[in-house]
Amino acid sequence: MHRLRMHRPPCWSQPQLQQLQQLQTTRRPSTSEHSNGAQRFCRAFMLKELDKAGCTLQPDHFKCVPCDPTRAGGFAPTHGIVLCENQLTSKSHMEDTMAHELIHAFDHCTARVKWDKPEHFACSEIRAAALSGDCRFSRELMRGNLGFFKHFQECVRRRAVLGVKQVPTCQADGVAEDAVRAVWDSCFNDTAPFDEIF
C-alpha cells in the first residue's frame, strides 16, 4: 500500500478537541506501551494521527451493536468503527479492539487501500494485529495460545489470516494465507504512525 492522504472534514466538537489535546504528548509512543496500561493514550494518539491526516472521526463514526461470536469489532469506510457490545469481555478488550479498528481507519485514510483486494486487506490486518495489542502475551494466554520462539509473529500472522477470512470473497482455501504471505515483510515492518512495535 502506498500512503496517500485522503481528506474528510473535521467533525469533533470544541470540548472533544480540548479533551483529546489534554491526552496528547509531543512524542510518538511505541506499541509496547499497550502492556503498561496505556490503551487510553493509544486511542488518543490514533485519533490525533487520524486528525493530522485529515480524517477526523466524530462520535457518530463509532457504533456499539450486537454481533455474531466470530468478531469483536469492525471497520467499514462507509459506516465507521463498530464495537460488538455482546462480544467484548473487558474494558481492555474493548480498548484493544478500538485500537485495532483505528489502525484500519488510519490505513484507509493514509493509503490507497482497496478493501476488495485480498493483499490490501491482509496488509491492514497484519498492521492492526501487530500494533493494537491483539498479540500481547496476556491476550494470547487468555486464548490458550502459548509459545515463546517468534510467538508474536505467529500470532500476528494467525490473527491476520482470521481477519482476511471474514471477507466472503477470501474464504476459499488458501486465499487468506496467500494474501498474508505476499505482503508480510513490508506490512509487518510498517509501524506507522508508531515509531516501533517494541
Side-chain angles (χ1 to χ4, degrees), residues 1-8 10 12 16-57 61-62 72-73 75 81 91-113 119-141 147-161 163-164 180-198:
M1 294 185 312
H2 301 285
R3 300 258 166 232
L4 179 71
R5 187 174 181 167
M6 297 172 65
H7 181 72
R8 284 173 75 173
W12 283 98
Q16 289 168 322
L17 283 172
Q18 290 171 343
Q19 184 181 22
L20 182 60
Q21 288 167 347
Q22 290 172 356
L23 294 171
Q24 296 170 352
T25 67
T26 56
R27 68 181 182 81
R28 293 170 71 185
S30 70
T31 58
S32 63
E33 290 181 286
H34 288 289
S35 60
N36 297 329
Q39 289 106 336
R40 175 185 270 182
F41 177 76
C42 176
R43 282 193 330 268
F45 176 78
M46 287 302 304
L47 289 169
K48 179 185 84 166
E49 293 300 310
L50 280 159
D51 187 51
K52 284 181 2 187
C55 296
T56 303
L57 296 180
H61 285 121
F62 296 88
F75 169 75
I81 292 173
K91 182 179 178 189
S92 69
H93 186 201
M94 183 272 303
E95 290 169 337
D96 288 346
T97 301
M98 187 178 295
H100 180 107
E101 303 310 335
L102 285 168
I103 302 280
H104 290 315
F106 181 83
D107 287 348
H108 179 74
C109 176
T110 61
R112 278 189 252 194
V113 179
E119 292 81 9
H120 286 219
F121 201 94
C123 187
S124 192
E125 284 295 342
I126 291 167
R127 289 176 29 74
L131 301 172
S132 69
D134 276 354
C135 291
R136 244 192 344 264
F137 180 76
S138 60
R139 176 99 31 235
E140 277 291 271
L141 191 60
F148 295 99
F149 184 70
K150 294 199 175 193
H151 185 78
F152 179 75
Q153 289 90 333
E154 289 174 19
C155 173
V156 170
R157 192 179 316 269
R158 184 182 71 252
R159 303 291 299 166
V161 167
V164 174
V180 168
R181 192 174 16 263
V183 297
W184 176 260
D185 289 334
S186 62
C187 298
F188 182 75
N189 291 310
D190 180 0
T191 62
F194 298 96
D195 284 335
E196 59 186 359
I197 294 175
F198 288 105

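This chain uses plain numbering: 1 for the first residue, then up along the sequence.
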Does Asn189 reach the main-chain N or O of Asp185 with its side chain, forming a donor-acceptor pair under 3.5 Å? yes
Least distance between heavy atoms, Cys123 atom then Val183 atom: N-CG2, 3.9 Å
Could you check if a side-chain atom of Met46 sits within less than 4.5 angstrom of a side-chain atom of Phe194, using non-hydrogen atoms only? yes
Would you say Leu102 and Phe106 make side-chain contact, with heavy atoms under 4.5 Å? no
Atom NE2 of His61 and atom CG of Leu47: how far apart are they, to the nearest 0.5 Å? 11.5 Å
If you compare all heavy atoms of Thr191 against all heavy atoms of Arg127, which two are closest, and at what distance to 0.1 Å? C-NH1, 3.9 Å
How close do Ala99 and Cys42 get, heavy atom to heavy atom, and via which atoms? CB-SG, 4.1 Å
Measuring only between side-chain heavy atoms, which start at C-beta, is Phe188 closer than 4.5 Å to Phe152? yes
If you look at every heavy atom in Phe75 and Glu101, which pair is closest and at what distance? N-OE1, 3.2 Å
So, taking the atom named CD1 in Ile103 and the one named CD in Glu49, what distance separates them when rounded to the nearest 0.5 Å? 10.5 Å
Salt-bridge present (Glu154, Arg157; N to O < 4.0 Å): no
For a 4.5 angstrom cut-off between non-hydrogen side-chain atoms, does Asp96 reach Arg136? yes
Quick one: are Phe121 and Asp107 in side-chain contact, heavy atoms under 4.5 Å? no
Roughly how far, to the nearest 0.5 Å, is SG of Cys155 from NE2 of His151? 5.5 Å
Can you name the nearest heavy-atom pair linking His100 to Glu125, along with the distance? NE2-OE1, 3.4 Å
List the atom of Val156, the atom of Ile126, and the distance in Å for their closest heavy-atom pair. CG1-O, 3.6 Å
